[in-house]
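First listed ligand is number 1; within each ligand, the first listed atom is number 1. As the structure is a computational prediction, the values presented were derived from the model and not from experiment.
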Amino acid sequence: MRLTVIGCGYLGATHAACMAELGHEVLGMDTDSDRIACLNRGKAPFFEQGLDDLLATHTATGRLRFTDSYTEAADFAELHFLGVGTPQLPGEGAYDLSQLFAAVRQLVPRLNGPAVIVGKSTVPVGTAALLTALVRELSPAGDRVEVAWNPEFLRESCAIEDTLCPDRLVMGFFAERTWAESMLRQVFAEIIEAGTPTIVTDLATAELVKSAANAFLATKISFINGVAEICDLVGADIRRLAEALGHDDRIGIRGLRPGLGFGGGCLPKDVRGFMARAGELGAEGMLSFLREVDAINSRCRERMVDLAREQCGGVIRGKRITIWGAAFKPGTDDIRDSPALAVAQRLHENGAEVVVSDPMALDNARKAHPELHYIDDPIAAVDGADLLLHLTEWAVFADIDPRRLAMHAAALKVIDGRGALDADRWSAAGWVYRALGLPSLPDDREQVSRRG
Ligand code: UGA
């Protein structure tokens, strides 16, 4: 099939490359001509495992091309995916939908005949209905241009696998058995035939599935981090607790990792966007529930700074603190709402000399936080450190020998914000190992149990 993908950021570029991999003729469109030039050279403007290979393969055969022309996009196909960004409005929780509406305003008047416009961007529920009305108003082909919603569930760092082998497909349409549905079923035929659960809904439900999915994932993380706050008060162990909970199939261990909480370009923004929409709709209960999910997540960062202060003997000012991690999670160079950098910045504001090391995200971090120091080599970064914080769980950090590292640090103190270091190994190498929701000393637990 021939199709376009409007908006070639993280979501759009990955989707375009994966659609070409499925055998379709794909034209990606973006208003950023530098990005287009980069993609046409077969390179992604960000890091995602395997994406450069897919782009290089399919741009070389001509099956995948990129343009900055809406006219070319409108002429190219009858099926258009919308993958433009829907960031958070500055200073507000709500989404900024300006790029989405601008794309429709530009594309639709240029369409010569019937077409299907498929939204993939994350939006507040009700957006697809507004876009349907706008499309009807602008389209020369009237209601023969249909709007459908097909939310995306890919995770950064495994975006290609998540797109080509998703755990489900969700497709929302304004009516049953539309032309749009038959078009989308053809696009995803290979994935559907592989047995992927395919859920067909109305437009509003499809939009809400995405909001609810990310809100649930965020809730699971904040739940376990909220329990970690209680563990801290009684000297209990959040990791053993999470492990025990996870054996219950109804709860499950995935997405229940305690630590520094969630960041990135999606979960924090989507919790706030869902909260804003719930408020607009008058769903006060959901609004206050999500507010607490967000608040627990923010508290993780504050608690990490408090724990760092405690480990620095009560005074952060003048201390040299090394932070392993800048990306919001491993496997990406994305630093949007990175918990690691948020903590780094707060420690800097409190007067610490902060040194950050990360295998992939240092260029982005340098641009966003020129006030911090950066050292590529994670071992050299620990030279003279009074405290080491492990805040993004890259495998290279877990592989470092704590005995060897001990020769570099000024004080042997480590806080593991992601629970990915081997606590026994670090303790055996002489380090004081601390984490949120973990008792500091074995006898803390004894004292508490003796107290009953
Ligand atoms: C998230 C969702 O997982 C995807 O399903 C969704 O498609 C995507 O947002 C989106 O809306 O585009 P992503 O932001 O790539 O994907 O990252 P996750 O792997 O979900 O991690 C988010 C954050 O939560 C990271 O900072 C991670 O460190 C943290 N996390 C994750 C935890 O603290 N504990 C966990 O158990 C899992």
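Few gaps surround CZ on Phe101; more than 12 heavy atoms of other groups in view lie less than 6.0 Å from it. Counting non-hydrogen atoms of neighbouring residues, nucleotides and ligands closer than 6.0 angstrom, the CD atom of Gln49 reaches no more than 12 such neighbours. Taking a 6.0 Å sphere around CD of Glu280, one finds it holds more than 12 heavy atoms contributed by other residues, nucleotides or ligands. Within a 6.0 Å sphere centred on CD of Glu243, other residues, nucleotides and ligands contribute more than 12 heavy atoms.
With respect to atom 24 (O) of ligand 1, the closest heavy atom belonging to the protein is Phe262 CB, 3.2 Å. Here the protein heavy atom with the shortest distance to atom 32 (C) of ligand 1 is Ile221 CD1, 3.6 Å. Regarding atom 10 (C) of ligand 1, its nearest protein heavy-atom neighbour is Cys266 SG, 3.1 Å. Taking atom 34 (N) of ligand 1 as the reference point, the nearest protein heavy-atom neighbour is Arg257 O, 3.1 Å. Looking only at heavy atoms of the protein, atom 6 (C) of ligand 1 is closest to Leu154 O, 3.3 Å. At the shortest separation from atom 5 (O) of ligand 1 among protein heavy atoms lies Phe153 O, 2.9 Å. For atom 19 (O) of ligand 1, the closest non-hydrogen atom of the protein is Lys329 NZ, 2.9 Å.
For Trp394 and Asp358, the side-chain atoms include at least one donor-acceptor pair closer than 3.5 Å. For the residue pair Ser427 / Asp424, no side-chain donor-acceptor distance below 3.5 Å is found, with atom types taken as modelled.
Between atom 20 (O) of ligand 1 and the options Leu267, Asp337, Thr392, Leu391, the minimum heavy-atom separation is to Leu267.
Listed by atom number, the atoms of ligand 1 under 4.0 Å from Leu217 heavy atoms are 2 (C), 3 (O). Of all atoms in ligand 1, listed by their number and element, those nearer than 4.0 Å to a heavy atom of Asp270 are 11 (O). Those atoms of ligand 1 with a heavy atom of Glu156 less than 4.0 angstrom away are 15 (O). Taking every heavy atom of Lys210 and a limit of under 4.0 angstrom, the matching atoms of ligand 1 come to 6 (C), 7 (O), 10 (C), 11 (O), 12 (O).
A cation-pi arrangement is present between Arg168 and Phe153 under the rule of less than 6.0 angstrom and at most 45 degrees off the ring axis.
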- prompt: Can you check salt bridge (Lys or Arg N to Asp or Glu O under 4.0 Å) on Asp294 and Arg272, steps first, answer last?
  reply: CA-CA 8 Å; Asp294 198 21; Arg272 289 172 205 143; 3.1 Å; yes

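In Arg418, the part holding a heavy atom less than 4.0 Å from any atom of ligand 1 is the side chain. Residue contacts with ligand 1 for Glu152 involve N, CA, C or O but no side-chain atom from C-beta outward (heavy atoms, distance under 4.0 Å). Residue contacts with ligand 1 for Arg155 involve both N, CA, C or O and side-chain atoms from C-beta outward (heavy atoms, distance under 4.0 Å). The proximity of Leu256 to ligand 1, defined as any non-hydrogen pair under 4.0 Å, is limited to the backbone.
With contacts defined as side-chain heavy-atom distances shorter than 4.5 Å, the pair Leu341/Phe328 does not qualify.
Among the atoms of Pro339, none of the N or O lies under 3.5 angstrom from an N or O of ligand 1.
Under the 4.0 angstrom criterion for non-hydrogen atoms, Gly264 is not in contact with ligand 1. For the pair Gly259 and ligand 1, no heavy-atom separation below 4.0 Å is found.
Between His15 and Phe81, the ring-plane angle classifies as perpendicular under the 30° and 60° cut-offs.
Contact record, Phe66 with Ala16: CE2-CB, 4.2 Å, taken as the closest heavy-atom pair.
Separating the CE atom in Met19 from the CE atom in Met1 is a distance of 11.0 Å, to the nearest 0.5 Å.
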